Each structure stands twice: as structure tokens, then as C-alpha cells.
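Naming convention: chains lettered A, B, ... in sequence-line order (proteins, then strands); numbering from 1 in each chain. What's counted below: heavy atoms across the whole structure, side chains too, no hydrogens, waters or symmetry copies. Predicted, not measured: the structure shown is a model, and the values here were computed from it.
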Number of protein chains: 2
Amino acid sequence: MKETAQILREKGLKVTPQRIAVYNMLLNTIEHPNAETIYKALEPTNPTMSLATVYKTLDYFKQLGLVQELNVGEGSSRYDAVVKCHPHTVCMQCGKVQDLYLDELTEIHKKVEEELDFEVNCEQLILYGICGKCRNKNKEG
Amino acid sequence: MKETAQILREKGLKVTPQRIAVYNMLLNTIEHPNAETIYKALEPTNPTMSLATVYKTLDYFKQLGLVQELNVGEGSSRYDAVVKCHPHTVCMQCGKVQDLYLDELTEIHKKVEEELDFEVNCEQLILYGICGKCRNKNKEG
DNA sequence: TATTAAATAAAAATAGTTATCGATTAGGGG
DNA sequence: CCCCTAATCGATAACTATTTTTATTTAATA
């Protein structure tokens, strides 16, 4: 595993324990935590960490392309260390957000660029629905 | 044009001038205004109108399926009287939000339902990029 | 027109995020 | 390896979008 410290340094960021903690946490999860969740997860092991620092750190990371911000319509933003654009599913019952990979989107990009006069830079596809787990739970109940 | 008052009444809403004003405004625009924009647009002709009422009205409308809420990653939500799910383009330069219609999405729905265990209810596709107008402006500059 | 439940305006509260600022610390030069 | 300086940190205040509260007004119906 490549050193987080080095990645940060390459991006021109001063390396601090707080930044390493935030970045590592995002690397090691497939959940898509928001700032508050990240803060609560790190607080026990990093008692010297404030919510404001988490926000500021995420903002730096976002601008340097280290993380991706994701808004699925909740009050707050979620963050993803996978920075390549990719679709997500959002379960409207349990709120779980999952990654998704679909080749069909490149076709759509091409179509929009050609037919409309719009240069697509990045896309965000969110599929809202009910995940299998919740569907099963509903049948039982 | 069908009476707005009647539409509201059919949905079980009490008909008030404020609600008529908000709904008509959304019907007559292809912009995707947020609550603040709606309020500012209506204020001159409806001096007796508050921002809180706009928010509450939009919330009622949303729950009754009269409008669709759209979050393109700004601080606030935008609203659309076209309630059928449809993709949007967002120009990252001028901020303009435009509607888009793509048949390819039904294929994607089907694929996700079959291959993953996820029941798709509604989708939101946002294509971020630069619109033709801004691209031309950039060339000139 | 009287009744009544619902809607309104204004203000206060709340949630998420950002800005401020003095204290602290990372990292290059010596 | 230590010192210096600029960058970053944490705490808290401020800010923005939205929701709730409350007292008042209004629409719908009898």
C-alpha cells in the first residue's frame, strides 16, 4: 500500500496526522461517510481532531482530486476516495449508498456531446430504490 | 390551460393565492429555480408572501407529486414542475440547468434490477460540463 | 354568515458548513 | 538535530438553507 503521507506530499499538502487519518479512513471503507461520520469514527483514536478540521481537510482533498463529494439528497454531503465518476444506488429505506459500474454511460456521454452542444466533463447517476436486504425484510414483516 | 386551482383541489390542498402563484411560476419556466429564486420572483406581485411559505408549499407539492426536487450539488435545492424522472445537464461555468431526455436509461434500470438485487424506483442523472454558449464565450475571450 | 380546520407571516430554532483567530506544528535551512 | 516561519490546527462564532413555532388570518363548508 502506497504511503498516504507521500500521496499528500505529492499533492503539495503539508502532512499532518489529521489528514492522514481522514484519507486512510476513506480509503478503507466502501460506505460513503459524511463529515460527521468521519469525525465520529476518528475521534476515539484521534482525540485531537475537530469537526471543522474534517470539513477543511475534505475541502482540500476535493480540490486536489483526492476525494469525490457526493450528494444523494440528504442534508449533508458524503465523500468517496474513489474519484473516478461512477454511479451509485441509494436505498430509500435504509439509506445505504453503494457503488455501481456501468459501461452504458460512455454511450450517453457521446450522444449528449454530439446531439446537444454540451461538453460532458463528469456525470453523476444516482439510482433511488429499495435494496435486496430491505425488500426481504419487508416480506417477512 | 387547466386551472391551477383545480389541480391543487384535486390533490386535496386548500387553494390559496400563494400556492397558485408558486405552482404557476414553476409551470411557466424551464429554469430550475430554488426556493429563494421563486420567492424573489413572486414578491413584487405578491407582497404578502414569505420565504417560509414558499418552502412549505414546495414541500407539500413535492409530497403530492406536483413538483420534483433537484439537487445538483449547490447549497440549495432546485424545483421542477416536470415530475417525471429525467436527466439534467449542469453547466459548471454559468450554472445553467437544462432538461434532457434519454431512452438509454430504461436499459440501465433493467440491467441493475436484474444483475444486482436492487429495485429501481427513480433515477437522477446529472451531466456536469460546459454548455455551448460558455464554450463559445471562452474561445472569444 | 358562522364555524373550524388549515394556511399564513414573522421570528426563532436547527443543521450543515464555513470563517476567524490565537495556539500549535510540520518541514526546510542551518 | 534544532530553530524558524509559514501553514495548519481546534474552538467557537458566523453564516446559509431550511424547518418549526406561534399567533393570526383565511378558505371551505354548512
I want to check one thing: is the phosphate of [N], taken as OP1 and OP2, less than 4.0 Å away from some side-chain N or O of [X]?
X     : N      : value
B/T48 : C/dA9  : yes
A/T16 : D/dC9  : yes
B/Q18 : C/dA9  : yes
A/R19 : C/dA26 : no

If we only count heavy atoms from C-beta on, is the A/R19 to A/F61 side-chain gap below 4.5 Å? yes
Given DNA chain D, 5'-ward residue of the pair A/P47 and B/G75, judged by closest heavy atom: A/P47
Is there a path of hydrophobic side-chain contacts, each under 4.5 Å between heavy atoms of I/L/V/M/F/W/Y residues, joining A/L70 to A/Y79?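 No.
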When hydrophobic residues are tied together by side-chain contacts of less than 4.5 Å, even through go-betweens, does A/I20 share a cluster with A/I38?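 Same cluster: A/I20 reaches A/I38 through Ile, Leu, Val, Met, Phe, Trp or Tyr contacts under 4.5 Å.
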Rounding to a whole Å, what distance do you find between [X]:[atom1] and [N]:[atom2]?
X     : N      : atom1 : atom2 : value
A/K14 : C/dT24 : NZ    : P     : 16 Å
A/N46 : D/dC9  : CG    : C1'   : 13 Å
A/I20 : D/dT8  : CD1   : P     : 14 Å
A/Y39 : D/dT12 : OH    : P     : 11 Å
A/N34 : C/dT17 : CG    : C1'   : 12 Å
A/L13 : D/dT8  : CG    : P     : 7 Å
A/R9  : C/dA26 : CZ    : C1'   : 10 Å
A/N71 : C/dG16 : CG    : C1'   : 11 Å

Assess whether a salt bridge exists between B/K40 and B/E36, defined as any Lys/Arg side-chain N lying under 4.0 Å from an Asp/Glu carboxylate O.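 Salt bridge: yes.
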At what distance, to the nearest 0.5 angstrom, does CG of B/L8 lie from OH of B/Y60?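 Between atom CG of B/L8 and atom OH of B/Y60 there are 12.5 Å.
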Donor-acceptor pairs under 3.5 Å, side chain of residues 117-124 of chain A to any protein atom, not counting sequence neighbours: which ones?
from   : atom 1 : to     : atom 2 : distance (Å)
A/D117 : OD1    : B/R135 : NH2    : 3.3
A/E119 : OE1    : B/R135 : NE     : 3.4
A/E123 : OE1    : A/H109 : NE2    : 3.1

Would you check if there is a donor-acceptor pair between the side chains of A/Q93 and A/N138 at a distance under 3.5 Å? yes
Positions of residues 49-67 of chain B (non-hydrogen atom under 4.0 Å from DNA chain C), listed by number: B/M49, B/S50, B/A52, B/T53, B/K56, B/Y60
